[in-house]
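Remember, it's a predicted structure, so these values are computed and weren't measured experimentally. Numbers for residues simply follow the sequence, beginning at 1. Counting starts at 1 for both ligands and their atoms, in listed order.
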Amino acid sequence: MKPEIIITARGHAGTMATLQNEFTAHLLGDAPDRNTFLKQHAGTVRGLATFGPMAVDGKLMDALPKLEIISNFGVGVDAINLDDAKKRNIIVTNTPDVLNQCVADTALALILNTVRKFPQSEVYLRGGNWASRGPYPLTTSIGGKILGVLGLGRIGEAIAARAAACGMKIRYHNRSPKDVPYPYDPDPATLARNSDVLIVVTPATAETSRIINAKVLDALGPDGYLVNIARGSVVDEPVLLRYLQEKKIAGAGLDVYVDEPRVPPEFFTLDNAVLFPHVGSATVETRKAMGDLQIENLRLHFAGKPVRTRVA
Ligand code: 8YV
């Protein structure tokens, strides 16, 4: 008998196909009535394969009393209530490490595009302005500038290595200092004050909710740039929008937003914002690796073996 699982939403096609082949899989995202669906499978489902932002909390866990494991597609598990899982002895896994380099590439692209305004310069060219109005205005170099990394974890370190290779100086803030060759700042505002570009790479938790607020943006100042590659919830988005409109910071590069895929349209007309549609890990190779790890965690668990990447 194949173990029974629920897939929360339609995700990476290759991974979906393997999940539906290796397990008896039921797709919650397509269920016309959620409660009827959960009642139907309550007695038999032992695993949850989670994709995207759908909340996974104690209420859902209690609706599946046989649930043993929640295997997330993604390193960020902010949609899953880890405390509720712990209380119910439900294992939670994610997909770290396989996406570090890919997300770090995206972060470097956002830093370069935000500071050098490459997307804006391309729009300028495509609009026929180069011939009619002359060269695109000069921007500023990233070499020699200070990159402040808020959340120097595995992805943060990959970003720091890339930025250092581009001649940037690195500083960071974490909950506690770590053994790295970069100066440590005691809080986000101090890091912002000491940085030209502040990049956010923290998990989204209650502690990091709106950690980028007016105080931090004031410290970053009118010549400073913000880049967010973490989650929309770590930035006070309405405040950021206002600071960009009032040019109280020099610019921002965003890959994540509070209410994805809905992005406040006010951002669209800003000349000092670069907007990516959450493509941090969006390559064929990386998404396959993430799916393979999500599946491997389920396989190992149902084989009675320790999972590869446990979060809780
Ligand atoms: C995922 C991400 O693509 O890993 C994460 O936490 O944000 C992305 O890599 C996203 O979670 C898709 O579900």
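- Annotation: the span from Leu147 atom CG to Lys169 atom NZ amounts to 12.0 Å, rounded to 0.5 Å.
- Using a 3.5 Å distance cut-off with no hydrogens or angles, the side chains of Ser71 and Thr93 do pair a donor with an acceptor.
- Taking a 4.0 Å cut-off on heavy atoms, Phe51 fails to register as neighbouring ligand 1.
- Of the protein's non-hydrogen atoms, His278 NE2, 4.2 Å is the one closest to atom 10 (C) of ligand 1.
- Listed by number with element, the atoms of ligand 1 under 4.0 angstrom from any heavy atom of Gly74 are 4 (O), 5 (C).
- Atoms of ligand 1 lying under 4.0 Å from any heavy atom of Gly52, numbered from 1 in the order shown and given with element: 13 (O).
- The nearest heavy-atom contact from the protein to atom 4 (O) of ligand 1 is Val75 N, 2.8 Å.
- Side-chain contact annotation: Asn228 with Tyr257, donor-acceptor N/O pair under 3.5 Å absent.
- The aromatic rings of Phe37 and His26 lie perpendicular to each other, with more than 60° between the two planes, well past the 30° mark.
- Those atoms of ligand 1 with a heavy atom of Leu99 less than 4.0 angstrom away are 4 (O), 9 (O).
- The atoms of ligand 1 that sit less than 4.0 Å from any heavy atom of Arg287 are 3 (O).
- Interatomic distance, CG of Leu191 versus CG of Leu150, reported as 6.5 Å (0.5 Å rounding).
- Atom 8 (C) of ligand 1 has its closest protein heavy atom at Ser281 OG, 3.5 Å.
- The neighbour count for Lys305 NZ, taken as heavy atoms of other residues, nucleotides or ligands under 6.0 Å away, does not exceed 12.
- Near Arg231, with a cut-off below 4.0 Å to any heavy atom, the atoms of ligand 1 are 2 (C), 5 (C), 6 (O), 7 (O), 11 (O).
- For Arg126, the CZ atom sits in a loose shell: 12 or fewer heavy atoms of surrounding residues, nucleotides or ligands are nearer than 6.0 Å.
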